[in-house]
Structure formats: C-alpha cells, structure tokens
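What follows is a set of notes on a single structure, which appears directly below.
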Amino acid sequence: MPTTTTVKPTKQKPVTTPTQPHRISLPTLPSPLIIQTTQQPEETTDSKVKTTTVEVKVTTDRRRLYCPAVKVRDIDWPETLTGSGNVIKQCPSGTTGEASWDCNGSPAEWTPASGPDLSACKSPWVNFITGRVDDIEDPDDIIQISEMLVTGTEPDKKLYGGDVKGCIDVIDQLPIALEEQLKDLNQVERQELVSNTADGNLITGSNLLSNEHNDAWLDLSPKEQTQEAAKLLNGMETNGFLVARELPEGQVKTKVTDNIVMEVAVSKTSNLPDDGSVIFPGTKGIVNSSDSIVLSDVSIKARSTNGSAKLVFLMYNNIGHFLEGIDGVGNDTNSSVKLINSRVISASLNTMHSQSLVEPVIITLEHIKNDRRNPVCSYWNASGGSGSWSNSGCETVESNETHTICSCNHLTNFAVLMDVHGTLLPFSHHFALSVITYAGFMISIICLILCLMTFCGFKNLQCDRNTIHKNLCFCLLVAEVLFMAGIDKTEKLINLIFLIMAGVIMCRHTVSPANRNNDKINKL
C-alpha cells in the first residue's frame, strides 16, 4: 500500500527590496552646507539580498556663516549670521542713540571693516549745546557754548561719531547766532566777543583733528567723514571773516593751535609791502612748517573794496585724512588714485567763495611723506554734492623730494595729491642705475645685431636650429629697443600697446620652420 507523505511548506522571511530612496527630514539650515555620505553594504543571511545603509552628516563652517562675537567701541557685538541685516545695539554707556553694524559676505565678516556706525551716538553735553545753539538769549550763552566745546573735545576726552557731527554743526551755526547778539553791543564788546568765540571754535576744531579722536571720525562712513570735514573747513573760514569784519584796519590777528593756524589781516591797498605781495604765514617761525601762500598786490587791489582788503588764511593738519572719502580722491589729470600728501592750506580775499585772480597765487606745500611721486596741485571743489578734489586752474610749477610749488588762478583750499605707490630714489642712485641700465642694453643690442648679421650673412649656417636662434635674437632686439624707448614713460598708454605688439611678434617668430613642417606632417 503506497505511503502518503505530507510536505509542509517552510515559512520564509519576507524579502524587502527598497525600490525608492528613503527620505530623510533635515532641519532647515543656512547654506552653504557640506553633506557627507558614506555607503556601507550589508548582506542578509537568509535572502542574500544586498541593502545599503546611508549615513548622512551635516556639517557647517561657522566662520564662513557667522561674523564672530567682538567688542568694538565699547559695544558687545554678538555672533551674527551673514546676510541677516544690520545689527542694532544701544550706544556705549554714557551716550544716547543706537549703533549699527552689518554682517555680510562668505566667509562672513563685519562691514565696513573700519568699524560700526556710531554716527547717532552723542554724549549728553553735545545734545545740550546742539539744542541750546538754536535758543541763545544773550552773549553769555555763546561764551558758555564755546567753553563747553573746548572742554568737551580735549584730546583726553572720549568722543564718538555723533559727538563729532554735533560739535561741527555747532561750530557752523554759532556765527549765525553771534550775528544777532552783536547788534546790541558797542565796538569794544563786539571785538571781544567775536575774538573769544573765534578762538574757542578754532581750538575746538583743532581738538577734533587731533590723532586721539581718529576713532571718533572712523565711527562715520567715508561719505559722512568728507561731509563733516568740508563743513569744518567752511566753519573755520566763516569764523575768520567774522574776526576780519570787527578787526580795525591795518591790524593782523594770528591764532596758532596744534592742528589749525589762522591769520586774519585787514589792509589798505596803499599800505601793501614794498615787494608787492602778501605772504602767509606773515610771521616766520609761528608754525613748524615751510608751507606758504604768496598773493600778489595786483590781485589784492583788483579784489579790494574801497581801498581795503580783508584776508583770511588757514592751515590744517590731519584734515586731509577725512577728505578722501569720495572715490579715493579723484582728480582730472589721470585715472590713477592719489592721496593727500600735504597740509591743507587756504586763502580768502573779501569773500568766502572761490574767486578768480588777476595774477596767480603761489603756494608752497611741504610733503608729509617723501616716498610718493607724481604730485598734482589741487583744490577742494565744494560744488556738486559732497565736494571733491580738482586741479582745474592749478598747475605744478616745481617739485622735488620734499616740496611742491603750485600756481593757481583762484583762491580756496589747496593741497598736493600724490601717488601712494613707488619709492623716490635719491638723484645719485637714480643716475647710477640709469647709466648701468642704458649701458647694459646698448651692449646687448650691439651683440644681438652682430648675431643677426652672422646668422643671415653666412649661407652655410642656414638650418632650422640657426633659424630659431635668428628669430630669438630678433625678438630680443625688438623687446630691448621698446623697453629703452619707454623706460621713463610708464604712464603712457602707447607703451602698453608697444609691449603687446612686441609680445605678438615674439610669439610669431619663435615658431620655427621645423615646427611648421612637423605640423604639416602631423596633419597628413
């Protein structure tokens, strides 16, 4: 009898084969992200089906994404994500207002690099005098404001960007308030009040230009620095003409501070010096500088009123640093960037506005640094927005390593702009290097010509190798001749064109006939 065997099916584990990649939810993070994946193959013992385990690591470089936490200008700036906009913080303790700083870029960095914007940070005493200047009731208020300006801006006092702006605004507005108070005073009282106020404003301006307050200027944007420096120039000139208006005829008032020198003169044209010119500074040795302005008697007489001339001369230290905020100080001579390399010196005759002269004024300016070159005599053109430097109407008469003499057909604020690159060599070194350079090139050119004559004149030397040498000698000869022709004319565009042409010639002639034949064979 046949036996029946019952076979029970064995239960197998189900095999799961992934058909779609797993979706992994990640928290939203700022880009850029670095995603690192590692694949680790594994086998199941039952099904022999391979699966893949994906390990995802998300790493971020905080230095690229975040501006670091820093303490600048007595304010704690927190770590900030790049592109998140301006960070607003309260101004330092003891001042009012808000400061701001921007975090931008990749890698992230605080911008501007010069520091945060503290143009709205003002000390309480600055807020007091800026409000008081619009509500002056008697001359004592003017004296009080002037004294507070002098005391508050001393070099050992802490100032911020808003303080600089506030003080310059008061200097600019105080002469207007002074005009109203002078109406009820006699001549002696008028002279005393004007003289004391002008002296106070001059000392305040000098204090603001001291090196100790550079950080306060850097609290302002470059554009604001230029605007405030130009406003300070205008305020000092206004004070000078107030003094000139009350100064008796024939007298000269000179005020010397650390960073500003003012000289005011009221002269009869009939009493001008025998040499026919007026020189500022009129007293030798009052300043440690050889800067000067020479104004001819012809120009003075042409601009005089009723036979009288009011002259205001001013000389500034350090203010040039803050008049470079617009396009790095542009000028009309060429497209290169120049910086101020002298003091700023000004002259005005009977009026504050720029005016043409019958005969040019001669300005001698001492260089601050002697390693700069290409001087350009320029003046501050206040028209058109924030103002800019221009050389229109001015020319460089003479210049050496330490001084530049300028000639201008108008009066205003003058300075010398110079290139910041390059090193000025002494004449003896320059002469020696020139002799060595030209002698070496002349010997080299003669030898190259002899080589060319040799390679071209002897027929038995004609071969591919000598053809290469001949082309090389020709290229070197052209290059050296062009170099000698343009060695002292590096600013001319035509020299660049010549050098490019020489390079093209060298590239064409260094291809030998043998190389050309090889190219033809390769094509075949």
Side-chain angles (χ1 to χ4, degrees), residues 26-34 58-131 148-170 204 207-229 231-232 318-319 321-322 324-326 328:
L26 297 177
T28 303
L29 291 174
S31 60
L33 299 176
I34 303 172
V58 182
T59 60
T60 59
D61 187 350
R62 299 191 70 85
R63 288 176 299 179
R64 296 184 62 84
L65 297 177
Y66 291 87
C67 293
V70 291
K71 185 172 184 178
V72 178
R73 298 295 284 154
D74 302 323
I75 301 176
D76 291 315
W77 299 92
E79 185 181 53
T80 304
L81 178 65
T82 180
S84 57
N86 279 340
V87 179
I88 307 298
K89 299 285 290 183
Q90 287 296 318
C91 287
S93 176
T95 62
T96 60
E98 292 182 336
S100 64
W101 210 1
D102 202 4
C103 178
N104 275 317
S106 179
E109 59 182 11
W110 293 105
T111 54
S114 57
D117 180 3
L118 276 71
S119 59
C121 297
K122 290 184 179 181
S123 301
W125 68 270
V126 176
N127 288 323
F128 173 79
I129 62 173
T130 51
M148 290 183 67
L149 280 172
V150 173
T151 305
T153 58
E154 289 177 350
D156 59 342
K157 299 295 177 63
K158 188 78 170 181
L159 294 182
Y160 296 96
D163 295 329
V164 172
K165 293 182 65 175
C167 291
I168 294 178
D169 286 342
V170 173
T204 301
N207 290 343
L208 291 174
L209 295 178
S210 63
N211 293 327
E212 289 80 1
H213 292 323
N214 277 346
D215 288 342
W217 283 88
L218 294 177
D219 291 339
L220 309 175
S221 67
K223 183 176 181 179
E224 287 178 312
Q225 291 177 25
T226 300
Q227 291 173 343
E228 296 306 317
K231 192 183 294 185
L232 183 60
N318 301 331
I319 200 169
H321 303 319
F322 313 118
E324 298 171 351
I326 305 299

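By the side-chain contact (heavy atoms from CB on, under 4.5 Å) test, Q90 pairs with E98, sequence neighbours left out. Partners of A108 according to the side-chain contact (heavy atoms from CB on, under 4.5 Å) rule, which considers only residues two or more places apart in sequence or in another chain, are C67, T82, C103.
Considering every non-hydrogen atom in both R73 and P92, the closest pair reads O-CG, 3.3 Å. Taking every heavy atom of both residues into account, A99 and C121 meet most closely at CB-SG, 4.1 Å. Across every non-hydrogen atom of L159 and W125, the tightest pair is CD2-CZ2, 4.0 Å.
Using a distance-only test at 3.5 Å, with no hydrogens or angles considered, no donor-acceptor pair links the side chain of K165 to the main chain of E228. Looking at S123, its side chain never comes within 3.5 Å of a backbone N or O of V126 through a donor-acceptor pair. Looking only at distances, a side-chain donor or acceptor of D117 sits under 3.5 Å from a matching main-chain atom of S119. Without hydrogens or angle criteria, D219 side chain to G161 main chain gives a donor-acceptor distance under 3.5 Å.
D163 CG to I168 CD1: the interatomic distance, rounded to the nearest 0.5 Å, is 11.0 Å. The line from CG of L220 to OG1 of T226 is 10.0 Å long, rounded to the nearest 0.5 Å. Atom OG1 of residue T95 and atom CD1 of residue I75 lie 7.0 Å apart, to the nearest 0.5 angstrom. Expressed to the nearest 0.5 Å, how far CE of M148 lies from SG of C167 amounts to 9.5 Å.
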- From CA spacing to verdict: side-chain contact (heavy atoms from CB on, under 4.5 Å), Y160, D74: CA-CA 11 Å; Y160 296 96; D74 302 323; 2.8 Å; yes
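The residues K231 and D169 are annotated as salt-bridged, a charged nitrogen and a carboxylate oxygen being separated by less than 4.0 angstrom.
Relative orientation of the W77 and W101 rings is perpendicular, given thresholds of 30° and 60° on the angle between their planes.
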Side-chain donor/acceptor pairs under 3.5 Å, residues 208-218, sequence neighbours excluded:
unit_1, atom_1, unit_2, atom_2, d
S210, OG, N207, O, 2.6
H213, NE2, T153, O, 3.0
H213, NE2, E154, O, 3.2
W217, NE1, L208, O, 2.8

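Looking only at side-chain heavy atoms (C-beta outward), P68 and W110 come within less than 4.5 Å of each other.
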